[in-house]
Structure formats: structure tokens, C-alpha cells
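Throughout, numbering of the chain's residues begins at 1 and tracks the sequence.
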Amino acid sequence: MSQVSVTAGAKPVHLQFDDNRLLPSLFGQHDEFLARIEKQLGVSVTTRGNRVAIFGSEDAVELARRALNELYARLKRGMVVDSGEVDAAVRLAGHVESRGGAERTSIHTRRRLIAPRTQAQAAYMTALEQHELVFAQGPAGTGKTYLAVAMAVAMMLRGQVDRIVLSRPAVEAGERLGFLPGDLKEKVDPYLRPLYDALYDMLPAEQVAKRLESGEIEVAPLAFMRGRTLANAFVILDEAQNTTAGQMKMFLTRLGENSRMVVTGDVSQIDLPPGAVSGMVDALQVVGNIEGATIVTFTDADVVRHPIVARIVRAYDSRDKAGAGSTK
């Protein structure tokens, strides 16, 4: 593994893990997870049996210690460690309050046990548990929709809601759905595919099909929500930046008794016609902080897809800010 310069007199931190069977999963194949921690934190990690020594600056060594302890605790709970979880443990290590917090905020579904990978995700998962209306705003790849669907499935499995309603505006099709081939379902399904993908990640395929057929899970375009009252349901509106102010008001007022509603979107990616006001931008200003509602904001630091996605988001943000500055 890599070598780092160690401050004179700095003492290494030693860890000892009591279950040797978990060490291959903790260290990674050919110690790749340890190397990943070394690269991100600028430390050097050596192993001997079930003992680990971490060398580096005091702050970096402490972060590495927390990350390794969190990953080991995850393995002891029967959870999986992969490169994404290693990156998440390093990110969360900077927040003392996160130690042990992943277990408290985990979401259990039939196919997944999902823990937060960033501090914003942890705050989001807590908000989903505690608030009737949650707005999640931020760039792609931050888990806004995925975690909302996971919480919806978990609450349905626990009997807290009777059904799940997932919706999206089909903005790209505009008023031209009739010109697309196929029946109505075939016309709108491409716009709803990300919601289906999240469902299949949470439940076995046969259960998804059964619950879709019975109406326990409904995936529908936004236009289908008009005139309805959604009681005992977990309702999610995805890509909400592409609603108009009128559509958003219509959707928000569908909320019925014993229901939860989550509105997700990225206000930097609005596909509405020029001059149209985004319903999400409007709603964040008007109702985002009323009693029972909360707003969770994600940034490029919360992108949990391939690392280059975060760099892509930052590059576009920098270009847009530079363009805005030049117009003043």
C-alpha cells in the first residue's frame, strides 16, 4: 500500500478486530478497501493478522479509525461492504454524531438494508420518518428518489401505509402523447422507468408485479392525480422541477389522512418552456416551511454515483455561475 510522510513524533493508532472471518470483507480483495482509505485520507495502513496500524496526521488517522470501525460494525450487522460503502464511511467519519447513526437510520426492505452514505442522506432519511411533507432538492445521483421509494416500501411492509403512489410529469412529451406509438401505458412508461427501477431494487419482481396489479403500488403520470384524495398512502412526486405552479398546487392538495408526501427534483434542470414558473421553485418558497413540512437540500458533495458524476455536476455549476456573473 501507499506510503505517506508521518509527522515526527506522531504515534500510530492501533485497532484490533475480534472476528477474523470478517477481515477479508473489511480489507477488500488485495486490501483494496484499505488502499482506498489511504488514498482519500492521506494515511498509511498496515495489517498483521487481526491488528491494524494507521499512520498519518492526527486528524486523518482519527477519520480512518472511525471509518474502519463503522465498516466493521456494518459487517457485524450482516450488511455488505463495497467501494461505495467505504467512500460513505470516509465521508461520514467527519461527523462525530454519525457514529452508530447509520444503524438507527437504516431502511429495511425485502431486498435491501439501506444506510445513509452522506450526512445529507442521513438527515433526509430522518425527515422521511418524521414529516408528512418532505421536499428534497439537489443534483442527480444524490439518492433523493431512491431513498424515498425505499422508505415508502419499508412503511408499507410495516403496515404504516396501505399503498404507494409514484408519479412524474411527462414534460418531454408535452401534449403530444397521442402521437407516440402504443397504448397509454406504453406512451408514459418510459418517463416512469426510474421509479420502476427503484421498486425492483426494494422488492422481489413477483411482489412488485402482484402489488402493481392489486393497486397497492401505483405508478402514474402527474395528470392522473387530478381530482383524487390519497389517504393511507406514501406519495412521491419525482422530477418535480418540471411541474407548473398550478400542477404542484393540485398535487400537494391530494394529500389525505394518514399519508406522507415526498417531492423530489433539481431546480437547476428545469425543462419547462421559457417563462414558465417551476412548481417546485414556487412551492419551496410558499409551503416548504409550513408546519409538518421540511426541506432537505443536497449538493454535489452528496452525489453517490461514480465519482466522476460529482465532478461533472461541479463543472456545470461552475460554468453556470461564471455565465451568471458575466451578465451582471
A.B. asks: So Met156 and Ile217, do their side chains get closer than 4.5 Å, heavy atoms only?
C.D. replies: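 Yes, close enough: below the 4.5 Å cut-off.
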A.B. asks: Quick one: side chain to side chain contact (heavy atoms under 4.5 Å, CB included) partners of Thr118, sequence neighbours excluded?
C.D. replies: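 Side chain to side chain contact (heavy atoms under 4.5 Å, CB included) list for Thr118, sorted by chain: Arg91, Ala120, Gln121, Asp302, Val304.
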A.B. asks: Side chains of Asp59 and Leu63: closer than 4.5 Å at any heavy-atom pair?
C.D. replies: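 A side-chain contact under 4.5 Å is absent here.
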A.B. asks: Decide if atom OH of Tyr316 counts as having more than 12 heavy atoms of other residues, nucleotides or ligands within a radius under 6.0 Å.
C.D. replies: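 No, OH of Tyr316 has 12 or fewer neighbouring heavy atoms, counting only those of other groups under 6.0 Å.
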A.B. asks: For the pair Arg163 (side chain) and Glu216 (backbone), establish whether a donor and an acceptor sit closer than 3.5 Å, ignoring hydrogens and angles.
C.D. replies: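 A pair under 3.5 Å: no.
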A.B. asks: Could you walk me through whether Gln137 and Val263 pass the side-chain contact (heavy atoms from CB on, under 4.5 Å) test, one step at a time?
C.D. replies: CA-CA 8 Å; Gln137 199 285 119; Val263 177; over 6 Å; no
A.B. asks: Checking Ser259 side chain against Leu255 main chain: does a donor-acceptor pair fall under 3.5 Å?
C.D. replies: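 Side chain of Ser259 to backbone of Leu255: no pair is present.
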A.B. asks: Check whether any side-chain heavy atom of Asn50 lies under 4.5 Å from a side-chain heavy atom of Asp18, and answer yes or no.
C.D. replies: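 In short, these two side chains do not touch, never coming nearer than 4.5 Å.
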A.B. asks: Would you say Asn242 and Pro169 make side-chain contact, with heavy atoms under 4.5 Å?
C.D. replies: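 They are in side-chain contact.
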A.B. asks: Should Arg77 and Glu70 count as an ion pair when the cut-off is N to O under 4.0 Å?
C.D. replies: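 Salt bridge: yes.
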A.B. asks: To check you understand the geometry: which heavy-atom pair defines the closest contact between Ala60 and Val43, and what is its length?
C.D. replies: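 Heavy atoms only, the tightest pair is CB-CG1, 3.6 Å.
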A.B. asks: Looking at Ile54 and Ala64, what are the two nearest heavy atoms and their distance?
C.D. replies: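 Ile54 and Ala64 have their closest heavy atoms at CG2-CB, 3.9 Å.
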A.B. asks: Could you check whether Phe27 and Phe33 have their ring centres less than 6.0 Å apart?
C.D. replies: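 No: the rings miss the under 6.0 Å criterion.
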A.B. asks: Run Asp87 and Arg36 through salt bridge (charged side-chain N to carboxylate O under 4.0 Å, His left out) and show every step you take.
C.D. replies: CA-CA 8 Å; Asp87 294 346; Arg36 201 174 186 93; 2.7 Å; yes
A.B. asks: Run the side chain to side chain contact (heavy atoms under 4.5 Å, CB included) test against Ala53 and tell me which residues pass, sequence neighbours left out.
C.D. replies: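 Ala53: side chain to side chain contact (heavy atoms under 4.5 Å, CB included) contacts with His14, Thr46, Phe55.
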A.B. asks: I need the minimum non-hydrogen distance between Lys76 and Leu22, along with the two atoms involved.
C.D. replies: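 Heavy atoms of Lys76 and Leu22 come nearest at CG-CD1, 3.6 Å.
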A.B. asks: Does CD in Gln29 sit with more than 12 non-hydrogen atoms of other residues, nucleotides or ligands closer than 6.0 Å?
C.D. replies: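 Counting neighbours around CD of Gln29, 12 or fewer heavy atoms of other residues, nucleotides or ligands fall under 6.0 Å, so no.
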A.B. asks: Looking only at non-hydrogen atoms, find the nearest pair between Pro139 and Val303 and report the distance.
C.D. replies: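 So the minimum-distance heavy-atom pair works out to CG-CG2, 4.4 Å.
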A.B. asks: Ignoring hydrogens and angles, tell me if any N or O in the side chain of Tyr72 forms a donor-acceptor pair with the backbone of Asp19 under 3.5 Å.
C.D. replies: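 The answer is yes, because a donor-acceptor pair under 3.5 Å joins these two groups.
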A.B. asks: Checking side-chain polar atoms at under 3.5 Å, does Asp266 have a donor or acceptor matched by the opposite partner on Ser268?
C.D. replies: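 Ser268 and Asp266 do have a side-chain donor-acceptor pair below 3.5 Å.
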A.B. asks: Between CD1 of Ile164 and CE of Met202, what distance do you get to the nearest 0.5 Å?
C.D. replies: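 Interatomic distance, Ile164 CD1 to Met202 CE, rounded to 0.5 Å: 10.0 Å.
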A.B. asks: With sequence neighbours left out, write down each residue that passes side chain to side chain contact (heavy atoms under 4.5 Å, CB included) with Pro204, or none if nothing qualifies.
C.D. replies: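 Partners of Pro204 under the side chain to side chain contact (heavy atoms under 4.5 Å, CB included) test: Arg110, Arg111, Glu206, Gln207.
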A.B. asks: Applying side-chain contact (heavy atoms from CB on, under 4.5 Å), run through Met155 and Leu128 and close with a yes or a no.
C.D. replies: CA-CA 10 Å; Met155 290 185 70; Leu128 292 172; over 6 Å; no
A.B. asks: Compare all side-chain heavy atoms of Met125 with those of Ile107 and state whether any distance is below 4.5 angstrom.
C.D. replies: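 Touching, per the 4.5 Å side-chain cut-off.
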A.B. asks: What distance separates Arg254 CZ from Met261 CE, expressed to the nearest 0.5 Å?
C.D. replies: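 These two atoms lie 8.5 Å from each other.
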A.B. asks: Do the side chains of Leu92 and Val80 join up, straight or via other hydrophobic residues, at under 4.5 Å, putting them in one cluster?
C.D. replies: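 Shared cluster, no.
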A.B. asks: Is any side-chain heavy atom of Asn289 less than 4.5 Å from a side-chain heavy atom of Thr294?
C.D. replies: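 No, their side chains stay 4.5 Å or more apart.
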A.B. asks: Closer than 3.5 angstrom, by distance alone: can the side chain of Lys144 be matched with the main-chain N or O of Gly138 as a donor-acceptor pair?
C.D. replies: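 The answer is yes, because a donor-acceptor pair under 3.5 Å joins these two groups.
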A.B. asks: Would a hydrophobic clustering, with Ile, Leu, Val, Met, Phe, Trp and Tyr connected at side-chain separations under 4.5 Å, put Phe251 with Val267?
C.D. replies: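 Same hydrophobic cluster.
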A.B. asks: Would you please name every residue forming a salt bridge (charged side-chain N to carboxylate O under 4.0 Å, His left out) with Arg158, sequence neighbours left out?
C.D. replies: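 For Arg158, the residues satisfying salt bridge (charged side-chain N to carboxylate O under 4.0 Å, His left out) (neighbours in sequence not counted) are Glu129.
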A.B. asks: In terms of hydrophobic clustering (I, L, V, M, F, W, Y; side-chain heavy atoms under 4.5 Å; direct or indirect links), are Val277 and Val287 co-clustered?
C.D. replies: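 Per the 4.5 Å side-chain linkage, Val277 and Val287 are not co-clustered.
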A.B. asks: With sequence neighbours excluded, give me every ring-ring contact (aromatic ring centres under 6.0 Å, His included) pair touching residues 133-156.
C.D. replies: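 Checked against ring-ring contact (aromatic ring centres under 6.0 Å, His included) - neighbours excluded - no pair reaches residues 133-156.
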A.B. asks: Calculate, to the nearest 0.5 Å, the distance between atoms CE and CG belonging to Met248 and Leu284 respectively.
C.D. replies: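 Answer rounded to 0.5 Å: 7.5 Å.
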A.B. asks: Can you measure from OG1 (Thr126) to NE2 (His131) and round to the nearest 0.5 angstrom?
C.D. replies: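 Reported to 0.5 Å precision, the distance equals 9.0 Å.
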A.B. asks: For the atom pair CG (Leu272) and CE (Met280), what is the distance rounded to the nearest 0.5 Å?
C.D. replies: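 Output value for this atom pair is 12.5 Å.
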A.B. asks: Taking Gln247 for the side chain and Thr244 for the main chain, is one N or O donor matched with an acceptor at less than 3.5 Å?
C.D. replies: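 Yes.
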A.B. asks: If you apply the rule salt bridge (charged side-chain N to carboxylate O under 4.0 Å, His left out), what do you find for Glu213 with Lys210, and how did you get there?
C.D. replies: CA-CA 5 Å; Glu213 185 177 357; Lys210 181 180 178 181; over 6 Å; no
A.B. asks: Is the closest side-chain heavy-atom distance between Phe234 and Val153 below 4.5 Å?
C.D. replies: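 In short, these two side chains do not touch, never coming nearer than 4.5 Å.
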A.B. asks: Let me know which of Leu23, Val13, Thr47, Leu34 forms a side chain to side chain contact (heavy atoms under 4.5 Å, CB included) with Val52.
C.D. replies: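 Of the listed options, the one satisfying the test is Thr47.
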A.B. asks: Is the shortest heavy-atom distance from the side chain of Leu15 to the side chain of Arg51 under 4.5 Å?
C.D. replies: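 Sidechains of Arg51 and Leu15: no contact.
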A.B. asks: Above 12 or not: heavy atoms from other molecules or residues under 6.0 Å from CD of Glu132?
C.D. replies: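 No, not enclosed.
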A.B. asks: Please report the closest heavy-atom contact between Ala127 and Val134, naming both atoms and the distance.
C.D. replies: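 Heavy-atom minimum between the residues: O-CG2, 3.6 Å.
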A.B. asks: Can you say whether the rings of Phe298 and Tyr124 are parallel (under 30°), tilted (30 to 60°) or perpendicular (over 60°)?
C.D. replies: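 Rings of Phe298 and Tyr124: perpendicular, as their planes differ by over 60°.
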A.B. asks: Closest approach of Ala220 and Met225, non-hydrogen atoms and distance?
C.D. replies: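 Closest approach of Ala220 to Met225, heavy atoms only: CB-CE, 4.0 Å.
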A.B. asks: Any pair with a residue in residues 222-239 that passes side-chain hydrogen bond (donor to acceptor under 3.5 Å, both in side chains), sequence neighbours left out, goes on the list, sorted by first then second residue, please.
C.D. replies: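 The answer is Thr145-Asp238, Arg168-Asp238, Arg168-Glu239, Glu218-Arg228, Asn232-Asn258, Asp238-Thr264, Glu239-Gln241.
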